[in-house]
Amino acid sequence: MRKIVYSGSLALALTLTLAGGVQAGDHAKVTVPTLTGFASLPAATFVPGSEPSGALVTGNTNGHAVPFADQPVQGFSGIVNNGDGTFDVLSDNGYGNQANSGDFLLRVQRLAPSFADRQVDVLGGVNLTDPNGLVPWKLTRADRVLTGADFDVESIVKDTAGGYWIGDEFGPYLLHFDRAGRLLSAPVPLDGVTAPETAIRTGTTANLGSSKGFEGLAESPDGRYLYALLEGSVTGDTAGDLRLNEFDTRTGKYTGKRYVYRLGAPNLAIGDAIAIDRNRFLIIERDGGQGATAVIKRLYIADTRDRNRDGLLDKTLLVDLMNIANPRKVGGFGATFTFPFQTIEDVVILNEKTVAVLNDNNFPFSSGRTAGVADNNEWITIELPSSLHPDKRIFPAHGR
């Protein structure tokens, strides 16, 4: 078990080389996507002095006894770059389903990767709460601290005031929080789309799979629009077609503009979606395999301009996460690095030619790196052979 010390100083984070362990200019120009940084947060990392968790967990826990004495720092399902060497990372709904996650507190963790020593430092975080009673139905806890039985939070962006827009899968809903994690407005549903978790509560008919709501949430470079990407196909849509919905943060309403992202096969899923510029998104697409059964773990560029006029986002493969060049044996791995995790749910653009990718370790269940051993939260950086030409406003230092 790793001991966490919350630091009041970001001096360490400020000196990080966020492009990874290999300094720019220290090597020849890469011709294929290449691993440049590796860091890892141990699976058994907990928020000290928090609350017990996991009392309803059953199944193979890969040697970790439940319940846990504290809240695990796990399950990363969305990431925001703070621009100071730290990142706000969203822990998802807990232990895989609504029924067993009522004692998992929804939380935004503040992390800082240190690629020099291959570690990730936990600097603090905030729990998500609804102190003003904006959620109109009964919550799990009377103190209105939100849990994994209330929402399945899977995607996150920052607003211009330092708060968060978060995408949920149980509604699907958009949730708006201030920087202290307090809900600012009632959950915003997506008209015409209902997941089973909400259908049961409202007595309506579900037309979306369980926990197949907003797995991806991108923000336009000017901060006005959100683009919320469903993980599953809506009943009546072509299997494997996912709706990308535009939301206006000024009006607090969906604009009615919608795009379609088509998976490579209906049994695949997306893990994250972020903006590159006003037309292009970076999207994780994956299968459900892990370890030896992991095959499709990919980063695509998706373009709204639909140049072939087929009604779909244009897709271009950017990185095969199962085949990353590693000539310098970064992280102690071989010449080819793989990211063989069941769920890979975080991508962030660090500079024009570098992206970072994180896994969701589904603690304590997933064991993609080593069979029978609970996965750590791994954090990798990848240098690309050519620039993404991103809109500079997506980087925190440039502001809006």
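Hydrogens, waters and symmetry mates are skipped; everything else that's a heavy atom, side chains included, is used.
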Are [X] and [Y] close enough that a side-chain donor and a side-chain acceptor fall under 3.5 Å?
{"X": "T36", "Y": "E383", "result": "no"}
{"X": "N82", "Y": "K158", "result": "yes"}
{"X": "N127", "Y": "R107", "result": "yes"}

Could you tell me whether a side-chain N or O of [X] sits under 3.5 Å from a main-chain N or O of [Y], the two making a donor and an acceptor?
{"X": "T198", "Y": "T194", "value": "no"}
{"X": "Q74", "Y": "G94", "value": "yes"}
{"X": "D391", "Y": "R278", "value": "no"}
{"X": "D168", "Y": "P172", "value": "no"}
{"X": "N279", "Y": "T304", "value": "no"}
{"X": "T86", "Y": "R110", "value": "no"}
{"X": "T381", "Y": "A356", "value": "no"}
{"X": "K315", "Y": "Y300", "value": "no"}
{"X": "N60", "Y": "N62", "value": "yes"}
{"X": "S40", "Y": "E378", "value": "no"}

Would you say that [X] contacts [Y] through its side chain, given a criterion of any heavy-atom pair below 4.5 Å between the two side chains?
{"X": "L384", "Y": "V319", "value": "yes"}
{"X": "I283", "Y": "D272", "value": "no"}
{"X": "V145", "Y": "L106", "value": "no"}
{"X": "T338", "Y": "R369", "value": "yes"}
{"X": "L229", "Y": "I270", "value": "yes"}
{"X": "L230", "Y": "L208", "value": "yes"}
{"X": "V122", "Y": "L41", "value": "yes"}
{"X": "N93", "Y": "V153", "value": "no"}

Query raised in the report: Can R141 and E51 be counted as an ion pair, charged N to O under 4.0 angstrom?
Result: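 Yes.
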
Residues, nucleotides or ligands: over 12 heavy atoms within 6.0 Å of [X] [atom1]:
{"X": "D143", "atom1": "CG", "answer": "yes"}
{"X": "R305", "atom1": "CZ", "answer": "yes"}
{"X": "R179", "atom1": "CZ", "answer": "no"}

Minimal non-hydrogen separation, [X] against [Y], with atom names:
{"X": "P187", "Y": "L175", "answer": "CB-CD2, 3.6 Å"}
{"X": "V355", "Y": "L388", "answer": "CG1-CD1, 4.1 Å"}
{"X": "D314", "Y": "R307", "answer": "OD2-N, 2.7 Å"}
{"X": "V73", "Y": "N377", "answer": "O-ND2, 3.4 Å"}
{"X": "L146", "Y": "D130", "answer": "CD2-CB, 4.2 Å"}
{"X": "Q342", "Y": "S366", "answer": "OE1-OG, 3.4 Å"}

Is the distance between the ring centroids of [X] and [Y] less than 6.0 Å?
{"X": "F363", "Y": "F104", "value": "no"}
{"X": "F341", "Y": "F339", "value": "yes"}
{"X": "F38", "Y": "F115", "value": "no"}
{"X": "Y225", "Y": "F247", "value": "no"}
{"X": "F76", "Y": "W379", "value": "no"}
{"X": "W137", "Y": "Y173", "value": "yes"}

Query raised in the report: Hey, mind stepping through D150 and F170 against side chain to side chain contact (heavy atoms under 4.5 Å, CB included) and telling me if it holds?
Result: CA-CA 8 Å; D150 301 314; F170 285 166; over 6 Å; no

Requested in this report: Quick one: do Y164 and D88 satisfy side chain to side chain donor-acceptor pair (under 3.5 Å)? Show the steps, please.
Outcome: CA-CA 10 Å; Y164 308 98; D88 288 343; 2.7 Å; yes

To the nearest 0.5 Å, tell me how far [X] [atom1] sits from [Y] [atom2].
{"X": "L313", "Y": "R262", "atom1": "CG", "atom2": "CZ", "value": "11.0 Å"}
{"X": "S211", "Y": "D92", "atom1": "OG", "atom2": "CG", "value": "9.0 Å"}
{"X": "K329", "Y": "F337", "atom1": "NZ", "atom2": "CZ", "value": "14.0 Å"}
{"X": "L105", "Y": "D70", "atom1": "CG", "atom2": "CG", "value": "10.5 Å"}
{"X": "L299", "Y": "D320", "atom1": "CG", "atom2": "CG", "value": "9.5 Å"}
{"X": "S77", "Y": "D152", "atom1": "OG", "atom2": "CG", "value": "7.5 Å"}

Report task. Walk me through it: do E352 and S387 pass the test side chain to side chain donor-acceptor pair (under 3.5 Å)? Result -> CA-CA 5 Å; E352 290 193 356; S387 174; 3.2 Å; yes

Query - Chi angles and distances behind the salt bridge (Lys or Arg N to Asp or Glu O under 4.0 Å) call for R224, D248 - result: CA-CA 6 Å; R224 176 167 180 175; D248 189 334; 2.7 Å; yes

Requested in this report: Let me see the working for T34 and I324 under side chain to side chain contact (heavy atoms under 4.5 Å, CB included), right down to the final yes or no.
Outcome: CA-CA 6 Å; T34 300; I324 304 171; 5.6 Å; no

Report task. Please assess Y227 against E219 for the test side chain to side chain donor-acceptor pair (under 3.5 Å), listing each intermediate value before the final yes or no. Result -> CA-CA 6 Å; Y227 296 91; E219 185 177 34; over 6 Å; no

Requested in this report: May I have the step-by-step check of salt bridge (Lys or Arg N to Asp or Glu O under 4.0 Å) for K297 and D287, ending in yes or no?
Outcome: CA-CA 7 Å; K297 314 289 182 181; D287 59 23; 2.8 Å; yes

**Report entry** Derivation of the side chain to side chain contact (heavy atoms under 4.5 Å, CB included) call for D375 and Q290
**Finding:** CA-CA 10 Å; D375 284 328; Q290 64 175 346; 4.3 Å; yes

Query raised in the report: Are H389 and R280 close enough, and set up right, to give a side chain to side chain contact (heavy atoms under 4.5 Å, CB included), and what steps lead you there?
Result: CA-CA 10 Å; H389 301 291; R280 296 178 300 152; 4.2 Å; yes

Query - Hydrophobic cluster membership, I301 vs L321, 4.5 Å side-chain cutoff - result: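 Yes.
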
Query raised in the report: Please walk me through it: do N362 and T343 pass side chain to side chain donor-acceptor pair (under 3.5 Å)?
Result: CA-CA 8 Å; N362 298 307; T343 46; 2.7 Å; yes

